[in-house]
Amino acid sequence: MAKDMPKPYKDLKKPKMPNGLFERILEKIVAEKYRKTARQRVWLYSLTSAVSLFLFVLAFKLMQAELYRSGLLQLLSLIFFDLDQVFLAWSDTLSLTLESLPIFSVTGVLAAIFIFLGSLKLLVRDINAVFGASA
Amino acid sequence: MDIKTFFESKLFIKILIAIGIIVVFLLVFKAGEFVGFSKAGFSYRFAENYHRNFGGPRIGPMGMMFGDLDGDGDFMNAHGISGVIIKIDPVAAGQETTLVIKGRNNKEQTIIVSNLAAIRSGLENLKPADLKVDQNIVIIGSPDDKGQIEAKFIRVFGR
């Protein structure tokens with residue numbers, strides 16, 4: 001093929017390729033693709049963090065109301081004031097504590113915390129990818 | 001893979017963890033089943049004996065669905081209540097005191113207070129005759145077969 005090339009280019013010396021250039025170019029392409037999707041995920045995780053924080057506030061207020069309504073806090077205060085009686089009637093105390101637990105609202109609070117912390121973790125990871133030092 | 005290598009492998013640890021999670025889940029499920037059955041059974045007995053405990057005409061099962069016992073559909077606690085005394089049946093000699101308590105969720109329950117029940121207000125020990133209407137109390141007890149609770153311990157809050 002060299003003999004088909006125009007004459008001025010026949011004697012052109014090919015530049016020496018540095019070692020690992022090809023691999024670095026591929027890595028850079030992959031990194032940029034990742035950063036592009038990371039920017040989209042930053043928006044998504046920001047939204048889920050905000051929504052879960054809002055839901056946490058709602059669920060916490062509901063849990064407070066349910067705890068007051070169930071009388072559980074007054075029951076738990078007996079552990080400090082009347083520990084001897086609590087031990088004597090430990091089976092009934094335990095049953096009453098379990099019956100009084102506002103299961104759904106506590107589950108809601110814990111679920112909101114779980115989603116918030118998970119979203120925050122993924123958000124921080126992707127923020128580092130988007131705004132971190134480029135390769 | 002020989003036995004020793006298997007016991008030291010990550011797969012074995014994962015199997016152990018999975019079994020542990022299943023065991024914990026089953027125990028928690030059983031506890032929920034027990035508490036739910038206790039509350040449902042007590043609420044049923046309460047409904048069946050409502051006319052005896054609170055007076056008025058007897059209402060059959062169709063007119064006293066669980067959803068009518070309280071607005072939110074929850075069952076009643078079978079082992080105690082926190083609320084305000086709204087009625088005290090006069091103490092007859094040798095008989096047990098009967099209290100009607102209005103809970104914080106506006107549920108009413110009948111409490112039987114024997115002379116053996118411990119009653120405390122602050123550091124003082126009280127007798128059933130010392131209880132007054134409108135006192136704020138917490139009761140721990142056991143359910144009987146008439147939809148009532150036999151008090152074992154009563155803590156009076158405030159004056």
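Proteins come first, then strands; the chains are lettered A, B, ... in the order of their sequence lines, and each starts at number 1.
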In one Ile/Leu/Val/Met/Phe/Trp/Tyr side-chain cluster, 4.5 Å: [X], [Y]:
{"X": "Ile103(A)", "Y": "Leu62(A)", "answer": "no"}
{"X": "Ile101(B)", "Y": "Val133(B)", "answer": "yes"}
{"X": "Leu67(A)", "Y": "Phe104(A)", "answer": "no"}
{"X": "Phe46(B)", "Y": "Phe37(B)", "answer": "no"}
{"X": "Phe60(A)", "Y": "Val106(A)", "answer": "yes"}

### Message
The criterion is side chain to side chain donor-acceptor pair (under 3.5 Å); which residues satisfy it with Asp84(A), sequence neighbours excluded?
### Response
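Side chain to side chain donor-acceptor pair (under 3.5 Å) check on Asp84(A) returns Arg120(B).
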### Message
For Leu75(A) versus Val138(B), what's the shortest heavy-atom pair and its separation?
### Response
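In terms of heavy atoms, the two residues are closest at CD1-CG1, 4.3 Å.
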### Task
Identify the heavy atoms of Glu99(A) and Lys39(B) that sit nearest to each other, and give their distance.
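Minimum heavy-atom contact is O-NZ, 3.0 Å.
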### Task
State the CD-CD1 distance between Gln74(A) and Ile137(B), to the nearest 0.5 angstrom.
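Interatomic distance, Gln74(A) CD to Ile137(B) CD1, rounded to 0.5 Å: 10.0 Å.
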### Choice from Ala31(B), Gly122(B), Ser38(B), Gly80(B) maximising heavy atom contacts with chain A below 4.5 Å
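The answer is Gly80(B).
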### Message
Quick check on the interface: out of Pro143(B), Ala118(B), Gly141(B), who has the most heavy-atom pairs with chain A under 4.5 Å?
### Response
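Sorted descending by pairs with chain A, the first entry is Gly141(B).
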### Proximity of residues 41-55 of chain A to chain B, residues having a non-hydrogen atom under 4.5 angstrom
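Contacts with chain B: none.
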### Task
Could you list which of residues 87-95 of chain A have a heavy atom closer than 4.5 Å to any heavy atom of chain B, in residue-number order?
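The residues closer than 4.5 Å to chain B, in numerical order, are Ala89(A), Asp92(A), Thr93(A), Ser95(A).
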### Message
With heavy-atom distances below 4.5 Å as the criterion, would you say the side chains of Ser100(A) and Asn77(B) are in contact?
### Response
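The answer is yes, as the side chains (C-beta and beyond) meet within the 4.5 Å cut-off.
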### Query
Given Ile140(B) and Leu78(A), is the side-chain contact (heavy atoms from CB on, under 4.5 Å) satisfied, shown in steps?
CA-CA 10 Å; Ile140(B) 298 174; Leu78(A) 296 185; 3.7 Å; yes
### Task
Only pairs at least two apart or in different chains count here, so list each salt bridge (Lys or Arg N to Asp or Glu O under 4.0 Å) that has a residue in residues 12-38 of chain B.
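Of all non-adjacent pairs touching residues 12-38 of chain B, those that pass salt bridge (Lys or Arg N to Asp or Glu O under 4.0 Å) are Lys30(B)-Glu33(B).
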### Task
Measure Leu123(B) against the heavy atoms of chain A and call it side chain, backbone, both or neither at under 4.5 Å.
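Neither part, no heavy atoms under 4.5 Å.
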